[in-house]
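Scope of the values below: all heavy atoms of this structure, side chains included, with no hydrogens, waters or symmetry mates.
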Amino acid sequence: MTEGTTSAAAEGADTLTRLEQEGEIAADYLEGLLDIADLDGDIDMDVEADRASVSIISDTNSRDLQKLVGRDGEVLEALQELTRLAVHRETGDRSRLMLDIAGYRARKRAELSELGAKAAAEAKSSGEAVRLKPMTPFERKVVHDAVKAAGLRSESEGEEPQRFVVVLPA
């Protein structure tokens, strides 16, 4: 191994260790929250796409966990921000941690990937830009990725919270 290869491998290991630490801090914070709310749930941690990923899952009554998702994922988004703040407080670094509760975000990702693919197909066939409804940053990212996978470009327009994706024809 060359010095550059060794350095890159060490940097990758450091990043993985840091992301695993973020996941541990987040898991501790969320376990405390579940205890306070008297909700049952298991914490699953992973590292995906260079960010820590934490999921709260339950094999019993996921209806209880739906309270933590809220309408259109609003409570989930707020909990994610609070969890990121808890990680920041412990590490001093900004976190890009992703939180999923009861599989909500995974289902949403699949729906949005399909939406992005359909919008890309429409833009290809019509030759005109396709504008989608306003979305959260997470939702826009998933759509952008699906459009890119379909071989087209997309961009975000507008101001939060009315920011939306525009799929551009080839």
So [Y] and [X], do their side chains get closer than 4.5 Å, heavy atoms only?
{"X": "E20", "Y": "V47", "value": "yes"}
{"X": "R163", "Y": "P137", "value": "no"}
{"X": "D40", "Y": "L34", "value": "no"}
{"X": "R153", "Y": "V147", "value": "no"}
{"X": "Y29", "Y": "L82", "value": "yes"}
{"X": "F164", "Y": "R140", "value": "no"}
{"X": "I101", "Y": "L79", "value": "yes"}
{"X": "T83", "Y": "L30", "value": "yes"}

Ignoring hydrogens, what is the shortest heavy-atom contact between [X] and [Y]? Give both atom names and the distance.
{"X": "S58", "Y": "G41", "answer": "CB-CA, 4.4 Å"}
{"X": "A146", "Y": "S113", "answer": "CB-O, 3.4 Å"}
{"X": "I25", "Y": "A86", "answer": "CG2-O, 4.0 Å"}
{"X": "P161", "Y": "P134", "answer": "O-CB, 3.8 Å"}
{"X": "I43", "Y": "A27", "answer": "CG2-CB, 3.6 Å"}
{"X": "G23", "Y": "M45", "answer": "O-SD, 3.1 Å"}

Give, for atom [atom1] of [X] and atom [atom2] of [Y], the distance between the pair rounded to the nearest 0.5 Å.
{"X": "E77", "Y": "L99", "atom1": "CD", "atom2": "CG", "value": "9.0 Å"}
{"X": "S95", "Y": "E90", "atom1": "OG", "atom2": "CD", "value": "12.0 Å"}
{"X": "L19", "Y": "T17", "atom1": "CG", "atom2": "OG1", "value": "9.0 Å"}
{"X": "F138", "Y": "R109", "atom1": "CZ", "atom2": "CZ", "value": "4.5 Å"}
{"X": "R71", "Y": "Q66", "atom1": "CZ", "atom2": "CD", "value": "14.5 Å"}
{"X": "H88", "Y": "L97", "atom1": "NE2", "atom2": "CG", "value": "14.0 Å"}

Is it the case that the side chain of [X] and the backbone of [Y] share a donor-acceptor pair, with hydrogens and angles ignored and the cut-off at 3.5 Å?
{"X": "K124", "Y": "A119", "result": "no"}
{"X": "R107", "Y": "A102", "result": "yes"}
{"X": "S55", "Y": "I57", "result": "no"}
{"X": "D145", "Y": "A149", "result": "no"}

Are the charged groups of [X] and [Y] less than 4.0 angstrom apart, N to O?
{"X": "R18", "Y": "D14", "answer": "no"}
{"X": "E157", "Y": "R131", "answer": "yes"}
{"X": "E114", "Y": "K118", "answer": "yes"}
{"X": "E139", "Y": "R105", "answer": "no"}

Checking D44 against V54 for the side-chain contact (heavy atoms from CB on, under 4.5 Å) test, could you report, in this order, the C-alpha distance in whole Å, the side-chain angles of both residues, the deciding distance, and whether it holds? CA-CA 6 Å; D44 185 31; V54 179; over 6 Å; no

Please check if atom CG in D38 has more than 12 non-hydrogen atoms from other residues, nucleotides or ligands closer than 6.0 Å. no

Please check if atom CD in E159 has more than 12 non-hydrogen atoms from other residues, nucleotides or ligands closer than 6.0 Å. no

Same apolar cluster: V166 and L132, side chain cutoff 4.5 Å: no

Determine, using the 4.5 Å side-chain heavy-atom cutoff (strictly less than), whether L33 and V87 are members of one ILVMFWY cluster. no

Step by step, work out the side-chain contact (heavy atoms from CB on, under 4.5 Å) result for L152 and V167. CA-CA 7 Å; L152 291 182; V167 181; 4.2 Å; yes

Let's go through K67 and V75 carefully: what are the C-alpha distance in whole Å and the side-chain angles of both, what is the deciding distance for side-chain contact (heavy atoms from CB on, under 4.5 Å) to 0.1 Å, and is it a yes or a no? CA-CA 8 Å; K67 296 173 187 173; V75 176; over 6 Å; no

Given the rule in the side-chain contact (heavy atoms from CB on, under 4.5 Å) test, do E48 and M98 qualify, once you have shown the distances and angles that lead to the verdict? CA-CA 9 Å; E48 298 173 1; M98 288 296 290; over 6 Å; no

